[in-house]
Undergrad: 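I am attaching a structure below and will ask some questions about it afterwards.
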Amino acid sequence: MLASPGHCGEPARYRTMWRRLLPVGLVSLGVLFWTPVLETATAEPPRVRLITTGGTISNRPGDRLSPDELVALVPDLDELAEVETEEFANIASSAVALDQWLRLARRLNAVFRDDGDLAGIVVTSGTDTLEELAYFLHLTVRAARPVVVVGAMRRPDTLGYDGAANLRQAFRVAGHAGSRGRGTLVVFNGDINSARDVTKTHATHLQTFESPGYGILGTAARDRIIYYRRPEQRHTAGTEFNVGRITRLPRVDVVMSYQGASGNLIRAAVDLGADGLVIAGAGAGAVSAGQREAVSYALEQGVSVVMTTRTGSGRIAPRGPRTNQTNDSPAADTRRRGVSGEDLAPVKARVLLMLALTESSEHDEIQRMFSEY
Ligand code: GLU
C-alpha cells in the first residue's frame with residue numbers, strides 16, 4: 001500500500017526504496033510486538049515455596065486452613081507462580097515461641113541452600129506480632145532471594161477476607177527477580193514494606209502495616225511490581241548471625257517508661273534471669289527516677305540495656321564515652337551507659353539484642369551491631 005505506484009506521487013527511486021525497506025520493517029515490527037507475547041506464553045512461572053505458620057489468614061473457626069486450602073483460594077495462581085507448600089505450624093502469632101523462630105530460620109536457610117532454582121519463599125503469619133518474626137528472618141536468613149511475610153486481618157469465613165488477595169501479591173513479589181537483595185519483605189494490600197521498618201499501626205483496620213517515617217519499599221501494582229528504594233542496613237545475605245550455631249536465644253525483656261514508673265519491673269526482670277533489657281523510653285529515651293536507679297542496677301549485674309523510644313519513630317543517638325568535660329544530667333548518664341537502639345522500635349531492638357547477645361556482651365560491640373543492622 002505504501003509503495004503503490006503514484007499513491008502519494010512519490011518519485012520512482014523512493015518507490016524502489018519502500019519496496020526494499022517494507023519487508024525489513026514488517027519483520028522488525030513483528031519481532032518487536034511478538035517477542036513479549038511469545039515470552040509470556042512460553043516462560044515458566046517462577047517456583048515459590050509457601051511455608052505456613054498460621055494466623056488469621058488460615059483461621060477458619062473450628063478447622064484451620066491447610067497450606068493447600070490456602071493456595072486454592074488464590075485465583076489465576078498457575079499463571080503467577082508454581083507453588084509448593086509446607087506447613088510449619090498453624091497457630092496464632094502470639095503463640096509462636098523462640099525455639100520456633102530458630103527452627104523456622106534454619107528451615108528457610110536449608111530450603112534456599114538445597115533448592116538453587118527456587119525464586120523465593122512466602123511465609124504466612126498471624127498479624128499481631130508478625131513484625132517480630134519478619135525482622136528475625138531479615139537478620140538470619142542468609143540468602144539474597146526474597147522471603148515475603150504475609151497474613152490477613154479478616155478470617156476466611158468473614159466478608160471481605162483479605163487473605164487471598166494478600167497471598168496473591170506475596171507470590172508475585174516472591175517470584176519477582178527485582179525483590180532480591182532487599183531483605184525480608186512484608187506484603188499487605190499491595191504495599192511492600194521492609195521487615196526492619198514495618199509495624200502494625202492499627203488494631204483492626206485492613207491498612208495496618210506501615211513503615212512510619214520511611215514508607216514503603218515498593219508496590220505490587222496491577223500491571224507490575226515496582227520498587228522505589230532498598231534498605232541500607234545489613235540484613236539476610238549480609239548478616240553475621242548464624243542460626244545454625246545458636247541453640248537458644250537469650251532472654252530479653254522490654255520495659256516501658258511512663259510517669260511515676262517504679263524500677264520494680266526492671267529489677268524483677270534482672271533478678272528472674274534476663275540477659276538483656278530494652279527500655280521503651282519517653283521521647284529520646286527518658287526514664288523515671290525509679291527506673292534510672294533500676295537501670296544502673298541492671299548494668300551492675302552485667303545485663304545489657306538498650307535504650308529506645310516509645311514514640312513510634314525517631315532515633316536515639318549513641319553517646320560517646322564519658323570525659324572530664326562531660327556534664328551529664330543523671331538521665332543522660334544512664335543513657336550513656338546503655339546501648340543506643342538507634343531508630344529501631346522497642347520490639348525490633350529486642351530481636352536484634354537477642355541475636356547480638358549470642359555473639360557478644362560487650363557494650364561497644366553491641367552498639368556496633370545496632371548501628372549496622
Ligand atoms: N491475629 C492473630 C495473630 O496475630 C491470629 C489469631 C489466630 O490465628 O488464632 O496471630
Side-chain angles (χ1 to χ4, degrees), residues 50-74 85-105 107-108 121-141 147-171 173-174 184-212 249 252-254 256 280 312 345-351 354:
L50 171 68
I51 302 187
T52 58
T53 74
T56 299
I57 194 167
S58 19
N59 188 6
R60 186 172 54 197
D63 163 31
R64 299 177 81 98
L65 296 178
S66 70
D68 290 336
E69 286 172 314
L70 260 183
V71 164
L73 297 175
V74 182
T85 62
E86 172 178 336
E87 182 171 284
F88 177 82
N90 207 339
I91 54 178
S93 66
S94 47
V96 174
L98 299 186
D99 67 302
Q100 288 175 303
W101 283 14
L102 286 173
R103 278 197 287 115
L104 182 61
R107 177 67 191 139
L108 298 187
I121 302 178
V122 171
V123 175
T124 59
S125 167
T127 57
D128 292 345
T129 54
L130 177 149
E131 66 212 63
E132 298 170 41
L133 177 64
Y135 187 49
F136 184 74
L137 300 178
H138 187 72
L139 296 176
T140 54
V141 177
V147 172
V148 178
V149 185
V150 70
M153 288 299 290
R154 293 190 182 155
R155 299 199 310 203
D157 60 323
T158 312
L159 189 63
Y161 172 60
D162 50 331
N166 285 339
L167 205 50
R168 189 175 192 279
Q169 311 297 28
F171 285 132
V173 172
T184 297
L185 305 167
V186 173
V187 172
F188 275 76
N189 299 331
D191 286 350
I192 308 171
N193 281 283
S194 166
R196 182 183 190 276
D197 306 329
V198 77
T199 188
K200 189 174 188 179
T201 62
H202 196 283
T204 53
H205 283 176
L206 295 189
Q207 181 57 25
T208 181
F209 283 96
E210 314 225 330
S211 299
L249 284 168
V252 175
D253 291 316
V254 180
M256 188 186 273
V347 290
K348 301 281 178 71
R350 171 178 175 258
V351 176
M354 280 192 279

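Values in this document were obtained by computation on a predicted structure and should not be read as measured data. Ligands are counted one by one from 1 in listed order, and the atoms in each one are counted from 1 as well.
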Undergrad: Of all the non-hydrogen atoms in the protein, which one sits nearest to atom 10 (O) of ligand 1, and at what distance?
TA: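 Protein heavy atom with the smallest distance to atom 10 (O) of ligand 1: S93 N, 2.5 Å.
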
Undergrad: Using side-chain heavy atoms (C-beta onward) and a distance below 4.5 Å, is L104 in contact with I51?
TA: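 When only atoms from C-beta onward are counted, I51 and L104 do touch, with a gap below 4.5 Å.
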
Undergrad: List the atom of S125, the atom of S93, and the distance in Å for their closest heavy-atom pair.
TA: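 Between these two residues, the closest heavy atoms are OG-CB, 4.1 Å.
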
Undergrad: Provide the closest heavy-atom pair for T124 versus T53 in the form atom of the first, atom of the second, distance.
TA: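 Where T124 meets T53 most closely, the heavy atoms are O-OG1, 2.6 Å.
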
Undergrad: Please list, in number order, the atoms of ligand 1 under 4.0 Å from a heavy atom of T56.
TA: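 So the atoms of ligand 1 that pass are 1 (N), 2 (C), 5 (C), 6 (C), 8 (O).
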
Undergrad: Considering the options H205, E131, E210, which one meets the side chain to side chain contact (heavy atoms under 4.5 Å, CB included) requirement together with K200?
TA: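 So, applying the side chain to side chain contact (heavy atoms under 4.5 Å, CB included) to K200 and each of H205, E131, E210, only E131 qualifies.
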
Undergrad: Yes or no: does M153 have any heavy atom under 4.0 Å from an atom of ligand 1?
TA: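 Under 4.0 Å: no for M153.
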
Undergrad: Counting C-beta onward and ignoring hydrogens, is there a side-chain heavy-atom pair between F136 and L98 closer than 4.5 Å?
TA: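 No, every pair of side-chain atoms sits at 4.5 Å or beyond.
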
Undergrad: So which of D128, N59, I91, T129 gets nearest to atom 2 (C) of ligand 1, if we judge by its closest heavy atom?
TA: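 Minimum heavy-atom distance to atom 2 (C) of ligand 1 goes to D128.
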
Undergrad: May I ask whether G55 has any heavy atom positioned less than 4.0 angstrom from an atom of ligand 1?
TA: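 Within the 4.0 Å threshold, so yes.
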
Undergrad: Identify the protein heavy atom lying closest to atom 8 (O) of ligand 1, giving its residue, its atom name and the separation to 0.1 Å.
TA: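 For this ligand atom, the closest protein heavy atom is R64 NH2, 2.7 Å.
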
